[in-house]
Number of protein chains: 2
Amino acid sequence: MSLRHALLGLLSDRRASGYDLLKTFETSLANVWPANQSQIYTELTKLAGAGLIAVAAEGPRGRKEYEITDEGMAELRHWLTEVPPQRVIRSDVLLRVFFLGVLSPEQARAYLADLTDLSRAGHEQLQRLADSVDWDEGNLSVYGRIALEYGLRFNAMRREWAEWAAEQIR
Amino acid sequence: MSLRHALLGLLSDRRASGYDLLKTFETSLANVWPANQSQIYTELTKLAGAGLIAVAAEGPRGRKEYEITDEGMAELRHWLTEVPPQRVIRSDVLLRVFFLGVLSPEQARAYLADLTDLSRAGHEQLQRLADSVDWDEGNLSVYGRIALEYGLRFNAMRREWAEWAAEQIR
DNA sequence: TAGCGACATGTCAACAGTGGAATGTAGGAT
DNA sequence: ATCCTACATTCCACTGTTGACATGTCGCTA
């Protein structure tokens with residue numbers, strides 16, 4: 001149920017078409033809440049039907065620019081302040097760890113080494129992103145920076161853990 | 001597609017019925033890959049149909065004890081060594097952060113304070129679990145301990161991040 | 001002016017996950 | 001002997017996610 005809130009959140013900042021939103025999902029939101037084209041258009045239609053967003057303008061090529069309604073803003077605020085966050089995160093990365101005993105110690109260490117590399121690469125990618133963005137004083141900047149910092153810390157944590165874990169085997 | 005591998009992984013350790021597996025999912029695997037009853041039974045039927053597991057024994061009350069086949073072991077090893085782990089993790093926790101600008105600074109800080117508490121509680125719960133288990137020398141123990149350490153480090157990281165983030169606002 | 005790439009939306013089938021209903025049995029405690 | 005709890009499975013409806021297919025237009029450039 002979070003896709004709708006992601007859309008409401010983006011539309012709370014500025015009006016946009018499905019296509020605009022799709023581009024945003026492909027870039028900044030890709031690492032947090034991926035969504036594809038069909039899902040976005042379907043959900044926009046549902047949101048409009050529920051009165052949480054409305055078509056504000058129509059443009060060339062059938063472009064429909066949506067804006068958030070007061071009802072939509074209320075729903076967004078409700079989600080932000082009242083809905084308890086998901087406690088569990090499905091992680092196939094961690095799931096594999098449970099079953100590494102099936103492999104040889106060498107293979108298990110190789111898996112953890114791959115995770116180390118993956119985490120290092122993720123960290124570097126985010127660091128480059130952080131360096132390339134000019135962080136002005138806007139809200140999106142403040143919270144975008146905070147979200148990015150989470151990514152940096154997460155990757156650092158995972159890298160250190162994977163290195164530690166590899167040492168624990170045999 | 002990971003539920004099937006979770007089931008194969010568990011069955012690689014010992015034979016079990018759907019009911020046994022369900023109990024395992026409710027306890028040790030609940031924080032890594034939650035699955036409910038209907039999903040487990042459906043997937044077991046599919047796995048048996050595909051020849052990756054087989055009914056090894058039948059017991060009282062229609063109990064069917066499954067065991068992993070050679071084909072199933074091959075699939076499990078393939079998943080562990082060859083299938084690249086998911087790069088993105090959907091996180092509604094982080095998604096909210098992007099949109100905290102919609103709220104007042106006080107409300108945003110309150111959200112981060114809740115996250116701090118949540119992370120602290122999660123850490124304590126895992127710490128209690130770690131203290132209560134007797135870590136023998138088996139593989140499950142080694143890798144179970146490694147997975148648990150991930151949880152501890154993750155919660156610690158998130159708590160520190162949430163505290164840092166709250167300071168960044170205003 | 002012809003063509004191409006980006007813009008733009010809609011629909012569909014398939015699979016994964018959630019939650020609940022229905023059904024029944026075995027075995028231990030009172 | 002009865003009852004309750006835990007054991008045990010199956011099915012169903014609904015929602016969310018993925019990937020592919022289908023369709024068409026605008027505007028720039030060669």
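The structure presented is a predicted model; accordingly, all values stated were derived computationally and were not measured.
- When each of D:dC7, D:dC12, C:dC12 is scored by its nearest atom to the side-chain atoms of B:Ser38, the top-ranked nucleotide is D:dC12.
- Of all heavy-atom pairs between B:Gly72 and B:Leu8, the closest is O-CD1, 4.0 Å.
- Comparing atom distances between the B:Gln37 side chain and each of C:dA22, D:dA8, C:dA6 picks out C:dA22 as nearest.
- When each of B:Thr42 and B:Arg90 is assigned the nucleotide of DNA chain D bearing its nearest heavy atom, the one mapping closer to the 5' terminus is B:Thr42.
- For A:Tyr41, counting side-chain heavy atoms from C-beta on, the closest listed nucleotide (D:dT18, C:dT9, D:dA8) is C:dT9.
- The pair A:Glu75-A:Arg77 fails the salt-bridge criterion, with no side-chain N (NZ, NE, NH1 or NH2) lying under 4.0 Å from an Asp/Glu carboxylate O.
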Throw together a table of side-chain donor-acceptor distances under 3.5 angstrom for residues 110-120 of chain B, partners on residues two or more places apart or in other chains.
{"residue": "B:Tyr111", "atom": "OH", "partner": "B:Val93", "partner atom": "O", "Å": "2.9"}
{"residue": "B:Thr116", "atom": "OG1", "partner": "B:Leu112", "partner atom": "O", "Å": "2.9"}
{"residue": "B:Ser119", "atom": "OG", "partner": "B:Leu115", "partner atom": "O", "Å": "2.7"}
{"residue": "B:Ser119", "atom": "OG", "partner": "B:Arg158", "partner atom": "NE", "Å": "3.0"}

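- B:Phe25 places its CZ atom 16 Å from the P atom of C:dG19, with the value rounded to the nearest Å.
- Distance, B:Leu7 CG to C:dA16 C1': 13 Å, rounded to whole Å.
- Ion pairing of B:Glu58 with B:Lys64 is absent here, as no side-chain N (NZ or NE/NH1/NH2) approaches a carboxylate O to less than 4.0 Å.
- Checking the phosphate oxygens (OP1, OP2) of C:dT18, a side-chain nitrogen or oxygen of B:Gln39 falls inside 4.0 Å.
- Per the geometry, OH belonging to A:Tyr19 stands 5 Å off C1' belonging to C:dC7, to the nearest Å.
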Next on the checklist: If you apply the rule side chain to side chain contact (heavy atoms under 4.5 Å, CB included), what do you find for A:Leu44 with A:Leu7, and how did you get there?
Outcome noted: CA-CA 8 Å; A:Leu44 284 172; A:Leu7 292 170; 4.3 Å; yes
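- One atom, CD of B:Glu43, and another, C1' of C:dT18, lie 15 Å apart when rounded to the nearest Å.
- A heavy-atom distance below 4.0 Å to DNA chain C is reached by these residues of residues 48-69 of chain B, ordered by number: B:Pro60, B:Arg61.
- When rounded to the nearest whole Å, the span between CD of B:Glu26 and C1' of C:dT18 equals 14 Å.
- One can place CG of B:Leu22 at 11 Å from C1' of D:dC7, the figure rounded to the nearest angstrom.
- Between B:Asn36 atom CG and D:dT10 atom C1' there is a gap of 13 Å when expressed in whole angstrom units.
- Here D:dA8 presents its P atom at 14 Å from CD1 of B:Ile40, a figure rounded to the nearest Å.
- A donor-acceptor contact shorter than 3.5 Å is absent between the side chain of A:Gln125 and the backbone of A:Gly122.
- Contact detail for B:Ile146 and A:Trp161: the closest heavy-atom pair is O-NE1, 3.0 Å.
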